[in-house]
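To start, the structure itself, in structure tokens.
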Amino acid sequence: MLEDDFSELETLRLEKINRLREQGIEPYPTTTFITHTTAEAVAAFEAVEADADAALTAVVLAGRLRAIRNMGKLSFAHIEDRSGKLQLLLRVNELGQEKLDAFVSDFDLGDFIEASGTMMRTKRGEVTLLVEDFRMLAKALLQLPADKDEVVNGEVIRHAVLTDPETRYRQRYVDLAVNPEVREIFSKRTATIRALRAFLDERGFQEVETPILQPIYGGAAARPFTTFHNELNQELYLRISFELYLKRLIVGGLERVYEIGRDFRNEGVSFKHNPEFTQLEFYMAYADYHTIMEMTEQMISFVAQQVLGTQKINFNGHEIDLTPPWNRVQIRQGLIDHAGIDINDYPNAVALSEWLKEHHIDHKPDAPRGKLIGVLMEEFLEPILIQPTFLYDYPRDISPLAKNVPGDPQTVERFEGFIGGVELCNAFTELNDPMEQEKRFTEMGRAYAENEEERHPMDEDFLKALAYGMPPTGGFGIGVDRLVMMLTEQRSLKEVILFPPLRDTESGPSA
RNA sequence: GGGCGCGUAGCUCAAUGGUAGAGCAGUGGCCUUUUAAGCCAUUGGUUCAGGGUUCGAUCCCCUGCGCGCUCACCA
């Protein structure tokens, strides 16, 4: 029972509700009569303010009470709605003593109020609603964390905000209610996804939806979440990527498709990893990875312009310029330049591992060649991945779905985009040779044979689809949460996910 | 999963081996132009939980729970 946990304060507010009901006032009415948002009311007033003959601006507003200053025969208050804050002035002159007393005694911070009256400007110059009547819209039982704004030289100083991360994540509704900058982050998140869609729609891409529950997971190397469908009597997996389904659609002739949705990976959590995350993948027939690289830098700079109005961001302590063209670094050349090693001289894992050992670089000695190259990249290329950079031409053995670089059997046409040292996206020229694809699946199966969970399961139907013929295709995937994290200059994915995963507690999932 | 750190009032934070305090919000009062309103008074605590040491633990020790940072993992 909600009531069991009530403190003195909540009990007091419950009594106010009962008192309202006794007076025949419904504390949770159904209908409102709003005519303007607070911002619209201010704009409407300012438009006619200079004109002395203009009629008074009469409005009905609604919002949450965020500040109350009672001063005997009058009260000031601030209400907040989606468009901003507005001051209310309640005076005995307009309301009468009884009505004003009702406001003082029954209304608390956090309550939703409807107020009608005319717009005016106070002696201090603030546009204000002179209230002629008001009504309870919804009574708050629990008190929001106290937060006050002080304006000093035009700068808003926040006092006593809610900062405890656990409370902010578990009770995001409170976080959102009291921290406008948090609302701003999620507004930018929405704008980001809107801009991504606009960019792709403009270029003739078709947005699609593919299964989240899959009998075979694929398209990435991650451990899946497993579930069970009772009626089908079958184990199913939550998808770890969209890739294999979207490429089936390319086979089907859709030519340009994309999907924005949730992927699920049963792995660790960090500032840049979350077990469920939003992914955008697109596939474009008759494109290769160079085309996709150009599209990527165009897309991200377009999104930044739409969302932020600029191409410059500050992420991870770095000033970053997203303006195309981005740096392009071929992995082999990058390692020659920065590590002094030509990986083509080390055609197998054993040789590479020897080199790493000689240079005292920590690694798993039995890792496949591609992973050891990954170790080299982390060790030597990290510093050049601050400004937007494409690393390209990846080892084949860690890229089972990408097409070979012509004439180089160890390397595939794949790139990853990095910003601020964090991997943002992954793309390649898609492997469309069904026989070669089957071989790759088999190789992956062997490479990970000792680790059943990491095995790349064979998707026979996907091979069948390729066998019907898939045009040359470029494919692309981006972690949307990471993109939002960069654009909003946050340090953790949790700050851009409305309800980040937290351990369950006794009092329930989010309390 | 490993390491480090944190957990005190609704929020933000103090303090102490002798059972806890401030600001904000809350409650009562004064106040007709305030905006962190002001002034006076005042309520509010299982100091995360359990155990140990001690005459006495919120503080020291152990265990658990939760959160943060970090390492590993996540091609």
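The model shown is predicted, which means the values in this text are computed figures rather than measured ones. All heavy atoms count here, side chains included; hydrogens, waters and symmetry mates do not. Throughout, a chain's letter reflects where its sequence line sits, starting with A, and its residues are numbered from 1.
Here A:Arg482 does not pair with A:Glu416 in a salt bridge; the nearest charged N to carboxylate O distance is not below 4.0 Å. Between A:Asp108 and A:Lys139 there is a salt bridge, since at least one side-chain N of the basic residue sits less than 4.0 Å from a carboxylate O of the acidic one. A salt bridge links A:Lys99 with A:Asp133: at least one charged nitrogen is closer than 4.0 Å to a carboxylate oxygen. Taking the charged nitrogens against the carboxylate oxygens, A:Arg332 and A:Asp393 have no contact shorter than 4.0 Å, which rules out a salt bridge. We find that A:Glu495 and A:Arg491 are not joined by a salt bridge, their nearest charged nitrogen and carboxylate oxygen being 4.0 Å or further apart. Salt bridge absent: A:Glu166 and A:Arg503 never bring a charged side-chain N and a carboxylate O closer than 4.0 Å. The pair A:Lys357-A:Glu354 counts as a salt bridge, with a side-chain nitrogen and a carboxylate oxygen less than 4.0 angstrom apart.
Separating the C1' atom of B:C60 from that of B:G18 is a span of 15 Å, rounded to the nearest Å. With both ends at atom P, the span from B:U47 to B:U8 equals 11 Å, rounded to whole Å. Taking atom P on both nucleotides, B:G3 is separated from B:A9 by 29 Å, rounded to a whole Å. The C1' atoms of B:G38 and B:A57 are separated by 42 Å, rounded to the nearest whole Å. Atom name P, nucleotides B:G50 and B:C31: the rounded distance is 49 Å, in whole Å. With both ends at atom C1', the span from B:U63 to B:G28 equals 47 Å, rounded to whole Å. Annotation: B:A15 and B:C73 have their P atoms spaced 40 Å apart (nearest Å). Spacing between B:G21 and B:U16 at atom C1', rounded to whole Å, works out to 11 Å.
A:Asn274 has its CG atom 15 Å from the C1' atom of B:C73, to the nearest Å. The OH atom of A:Tyr217 sits 14 Å away from the P atom of B:C74 (whole-angstrom rounding). Between the CG atom of A:Leu162 and the C1' atom of B:C24 there is a distance of 14 Å, rounded to whole Å. Regarding A:Tyr394, its OH atom lies at a distance of 12 Å from the P atom of B:A75, rounded to whole Å. As rounded to whole Å, 15 Å separates atom C1' of B:U35 from atom CZ of A:Arg121. Across the protein-nucleic acid pair, A:Lys272 atom NZ and B:A72 atom C1' stand 12 Å apart, rounded to whole Å. In this structure, CG of A:Leu129 is placed 20 Å from P of B:U35, rounded to the nearest angstrom. A:Asp111 has its CG atom 16 Å from the P atom of B:A25, to the nearest Å.
In this model, no side-chain donor or acceptor of A:Glu150 finds a partner on the base of B:U35 within 3.5 Å. No N or O donor and acceptor, one from the side chain of A:Ser270 and one from the base of B:U70, sit under 3.5 Å apart. Scanning atom types as modelled, one donor and one acceptor separated by under 3.5 angstrom connect the side chain of A:Arg91 and the base of B:U33.
Ranked by how close their nearest RNA chain B nucleotide is to the 5' end, A:Ser105 and A:Leu74 are led by A:Ser105.
Candidate nucleotides B:C73, B:U12, B:G26 were compared by shortest atom distance to the side chain of A:Gln143, and B:G26 ranks first. With B:U12, B:C74, B:U32 as the candidates, the nucleotide lying closest to the side chain of A:His273 is B:C74. For A:Leu89, taking side-chain heavy atoms from C-beta onward, the closest of the listed nucleotides B:U12, B:U33, B:C74 is B:U33. Of the candidate nucleotides B:U33, B:A36, B:A25, B:U33 has the atom lying nearest to any side-chain atom of A:Lys123. Here the nucleotide nearest the side chain of A:Glu416, chosen from B:U33, B:U35, B:A75, is B:A75.
Looking at heavy-atom distances under 4.0 Å, A:Val178 makes no contact with the nucleic acid at all. A:Leu12 comes within contact range of the sugar-phosphate backbone alone, with a heavy-atom separation under 4.0 Å but no base atom that close. Contact annotation for A:Asn266: no contact, since no heavy-atom pair falls under 4.0 Å across all strands. Among the protein residues, A:Thr163 comes within range of the sugar-phosphate backbone only, with heavy atoms under 4.0 Å from sugar or phosphate atoms but none that close to a base. Residue A:Gly370 is classed as having no contact, given no heavy-atom separation below 4.0 Å to the nucleic acid.
At the phosphate of B:U27, OP1 or OP2 sits under 4.0 Å from a side-chain N or O atom of A:Lys16. Here A:Arg223 does not reach the OP1 or OP2 of B:C74: none of its side-chain N or O atoms lies under 4.0 Å away. For the pair A:Arg69 and B:U34, the criterion of a side-chain N or O lying under 4.0 Å from OP1 or OP2 is not met.
Across all strands shown, B:G1 forms a Watson-Crick or G-U wobble pair with B:C71, both key distances being under 3.5 Å. When both distances must be under 3.5 Å, the Watson-Crick or G-U wobble mate of B:U33 does not exist. In this structure, B:G26 forms a base pair with B:U42, meeting either the Watson-Crick or the G-U wobble geometry with both donor-acceptor distances under 3.5 Å. Both distances falling under 3.5 Å, in either a Watson-Crick or a G-U wobble arrangement, place B:G66 opposite B:C6. As the counterpart of B:G18, B:C55 is assigned, both hydrogen-bonding distances of the Watson-Crick or G-U wobble pattern falling under 3.5 Å.
A:Thr38 and A:Asp81 share a donor-acceptor pair across their side chains, judged by distance under 3.5 Å alone. If you check the side chains of A:Glu126 and A:His78, you find a donor sitting under 3.5 Å from an acceptor.
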Show me the protein contacts with nucleotides 67-69 of chain B, counting only N or O atoms at under 3.5 Å.
from  : atom 1 : to       : atom 2 : distance (Å)
B:C67 : OP1    : A:Arg170 : NH2    : 3.4
B:C67 : OP1    : A:Arg503 : N      : 2.6
B:C67 : OP2    : A:Arg503 : NH1    : 3.2
B:C67 : O4'    : A:Glu166 : OE1    : 3.0

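Base orientation of B:U47: anti, the glycosidic angle falling outside 90° of 0.
Residue A:Leu86 comes nearest to A:Leu61 through the heavy atom pair CD2-CD1, 3.1 Å, listed as atom of the first residue, atom of the second, then distance.
In terms of the ring pair (Phe, Tyr, Trp, His ring centres under 6.0 Å) criterion, residue partners of A:Phe282 (sequence neighbours excluded) are, by chain and number, A:Phe205, A:Phe476.
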